[in-house]
Number of protein chains: 2
Amino acid sequence: MELESDDVLALDNQICFALYAANRAVTARYRPLLDELGLTYPQYLAMLVLWEREQAGLTTRVSDLGQRLRLDSGTLTPLLKRLSERGLLTRERQSQDERVVTVALTESGRRLRERAQEVPEQLLCGLEIEPERLVALRQELKDMIRILEGAAASSD
Amino acid sequence: MELESDDVLALDNQICFALYAANRAVTARYRPLLDELGLTYPQYLAMLVLWEREQAGLTTRVSDLGQRLRLDSGTLTPLLKRLSERGLLTRERQSQDERVVTVALTESGRRLRERAQEVPEQLLCGLEIEPERLVALRQELKDMIRILEGAAASSD
DNA sequence: GCAATAAATATTGTGCACAATTAAGTTGTG
DNA sequence: CACAACTTAATTGTGCACAATATTTATTGC
């Protein structure tokens with residue numbers, strides 16, 4: 001039972017704090033797993049996008065990553081430089097439009113995908129939570145994101 | 001191939017990404033409201049704790065804030081210094097135990113609470129989301145946090 | 001053709017998070 | 001008492017986020 005407080009400013013009544021704390025708790029769970037891959041959490045997300053797009057036969061620009069992850073160049077440029085220094089990807093300015101930088105996986109970046117395959121399972125293992133509950137929560141969060149970003153209702 | 005990919009590494013299948021994106025989307029919504037108070041989002045959370053504890057007649061140490069927000073001194077020390085420079089609170093090392101720093105609201109910090117009262121309502125206004133859905137989501141996130149932090153089942 | 005505008009990325013500066021270390025103070029034990 | 005173990009906060013260093021601005025290149029209007 002919740003010690004009821006109608007105070008709109010009570011920390012426990014803030015959905016924002018629940019979101020903030022949950023996000024950090026999940027990230028903390030990921031950290032040791034991603035450490036083994038030599039990735040930070042945002043770097044892992046960027047790699048997910050690159051793996052996904054390469055499988056779909058798509059090339060990827062910095063702006064594609066930005067759109068997908070909702071991050072700007074101020075975040076992505078240094079992040080991609082670090083991944084590039086680790087030899088996981090290349091950053092190449094396009095010749096036909098020199099404003100554009102194309103990001104491509106190296107062989108090493110491609111190989112990392114195999115090791116990453118085990119991360120999602122390892123994350124959940126040991127957690128007492130039903131998969132369908134996670135799916136429902138994920139959908140609820142996606143709906144919330146759509147509402148927050150002011151998009152119209154869609155079928156996603 | 002399939003639109004609903006069951007690829008465990010697909011970005012849209014990651015609960016972590018939904019959480020990450022939702023948290024940033026909410027924070028972005030807060031930003032203009034908190035700007036008017038001269039607070040960042042984590043600073044706002046710290047103030048919520050201080051307002052709450054003062055109303056309960058409790059004094060607050062740095063470690064109390066850390067426990068409540070799950071933040072360490074590396075985050076809190078500079079954050080509290082900034083709030084102190086703005087005159088919202090004082091940081092004082094206790095004389096009976098000089099390891100401890102006590103954080104106390106100033107009159108200005110206390111007054112800010114009135115203005116903050118309107119933030120939660122303003123945040124939701126314009127958003128097409130039912131309050132009970134938010135309450136359910138909040139509870140689901142709290143459950144998730146408890147599971148992730150490995151705490152035993154509690155009554156909250 | 002060329003100025004004005006737009007687009008794509010990079011840079012700079014501020015403020016978190018968090019790991020690792022340090023420093024100072026307190027407590028428990030022989 | 002001495003001194004190790006522990007507690008609390010501060011410091012240092014790395015890596016995001018994000019606003020604001022800069023830089024370079026393309027496109028558009030005339």
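Bear in mind that the values here come from a model prediction, so they are computed numbers and not experimental data. Side chains included, hydrogens not; waters and symmetry mates left out as well; all remaining heavy atoms used.
Remark on DNA chain C: of its neighbouring residues A/Leu76 and B/Leu79, the 5'-side contact belongs to A/Leu76, judged by nearest-heavy-atom nucleotide.
Applying a 4.0 Å cut-off to non-hydrogen atoms, the residues of residues 98-106 of chain B that approach DNA chain D are B/Arg99, B/Val100, B/Val101, listed by residue number. Contacts with DNA chain C (heavy atom under 4.0 Å) in residues 17-50 of chain A: A/Tyr20, A/Arg24, A/Arg31, listed by number. Within residues 62-75 of chain A, the residues having any heavy atom closer than 4.0 Å to DNA chain C are, in order of number, A/Val62, A/Ser63, A/Ser73, A/Gly74. A heavy atom closer than 4.0 Å to some atom of DNA chain D occurs in B/Lys81, B/Arg91, B/Arg93, these being the qualifying members of residues 80-94 of chain B.
Taking only side-chain nitrogens and oxygens, A/Arg61 never comes nearer than 4.0 Å to OP1 or OP2 of C/dT9.
Where DNA chain D meets chain A (any atom under 4.0 Å from a heavy atom), the bounding nucleotides read 5' to 3' are D/dG15 to D/dA26.
The heavy-atom pair separating A/Ala116 from B/Leu9 by the smallest distance is O-CD2, 3.6 Å. Nearest heavy-atom pair, B/Thr106 versus B/Gly87, reported as atom, atom and distance to 0.1 Å: OG1-O, 2.6 Å. The minimum heavy-atom distance linking B/Gln14 with B/Val8 is given by the pair NE2-O, 2.6 Å. Considering all non-hydrogen atoms of both residues, A/Arg86 and A/Gly38 come closest at NH1-O, 2.6 Å. Closest non-hydrogen pair, A/Leu148 versus B/Ala22, comes out as CD1-O, 4.3 Å.
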Can you list, pair by pair, the side-chain donor-acceptor contacts under 3.5 Å of residues 67-77 of chain B, counting residues two or more places apart and other chains?
unit_1, atom_1, unit_2, atom_2, d
B/Arg68, NH2, A/Asp12, OD2, 3.4
B/Arg68, NH2, B/Glu52, OE1, 3.1
B/Arg70, NE, B/Glu149, OE1, 3.1
B/Arg70, NE, B/Glu149, OE2, 2.8
B/Arg70, NH1, B/Gln67, O, 3.2
B/Arg70, NH2, B/Glu149, OE1, 3.2
B/Asp72, OD1, B/Gly74, N, 3.1
B/Asp72, OD1, B/Thr75, N, 3.1
B/Thr77, OG1, B/Ser73, O, 3.0

List, one per line, each side-chain donor-acceptor pair under 3.5 Å for residues 40-49 of chain A, sequence neighbours excluded.
unit_1, atom_1, unit_2, atom_2, d
A/Thr40, OG1, A/Gln43, N, 3.3
A/Tyr41, OH, B/Cys16, O, 3.0
A/Gln43, OE1, A/Thr40, N, 3.0

In residues 122-137 of chain A, what donor-acceptor pairs under 3.5 Å come from side-chain atoms, sequence neighbours left out?
unit_1, atom_1, unit_2, atom_2, d
A/Arg133, NE, B/Glu140, OE2, 2.6
A/Arg133, NH2, B/Asp143, OD2, 3.0

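Shown here are the side chain to side chain contact (heavy atoms under 4.5 Å, CB included) partners of B/Arg31, two or more places apart in sequence or in another chain: B/Thr27, B/Ala28, B/Asp35. For the side chain to side chain donor-acceptor pair (under 3.5 Å) test, no residue two or more places apart in sequence or in another chain qualifies with A/Arg61.
Counting only residues at least two apart or in different chains, ring-ring contact (aromatic ring centres under 6.0 Å, His included) contacts with residues 93-112 of chain B are absent. Residue pairs meeting the salt bridge (charged side-chain N to carboxylate O under 4.0 Å, His left out) criterion with at least one member in residues 97-111 of chain B, sequence neighbours excluded, are B/Glu54-B/Arg110, B/Asp97-B/Arg99, B/Glu107-B/Arg110.
Going from atom CD of B/Gln96 over to atom P of C/dT26 covers 9 Å, rounded to whole Å.
Counting only distance, with no hydrogens or angles, the side chain of A/Trp51 and the backbone of A/Gly109 share a donor-acceptor pair below 3.5 Å.
Atom CD of A/Gln117 has more than 12 heavy atoms from other residues, nucleotides or ligands within 6.0 Å.
Hydrophobic cluster membership is shared by B/Leu141 and A/Ile147, with clusters built from Ile, Leu, Val, Met, Phe, Trp and Tyr side chains linked at under 4.5 angstrom.
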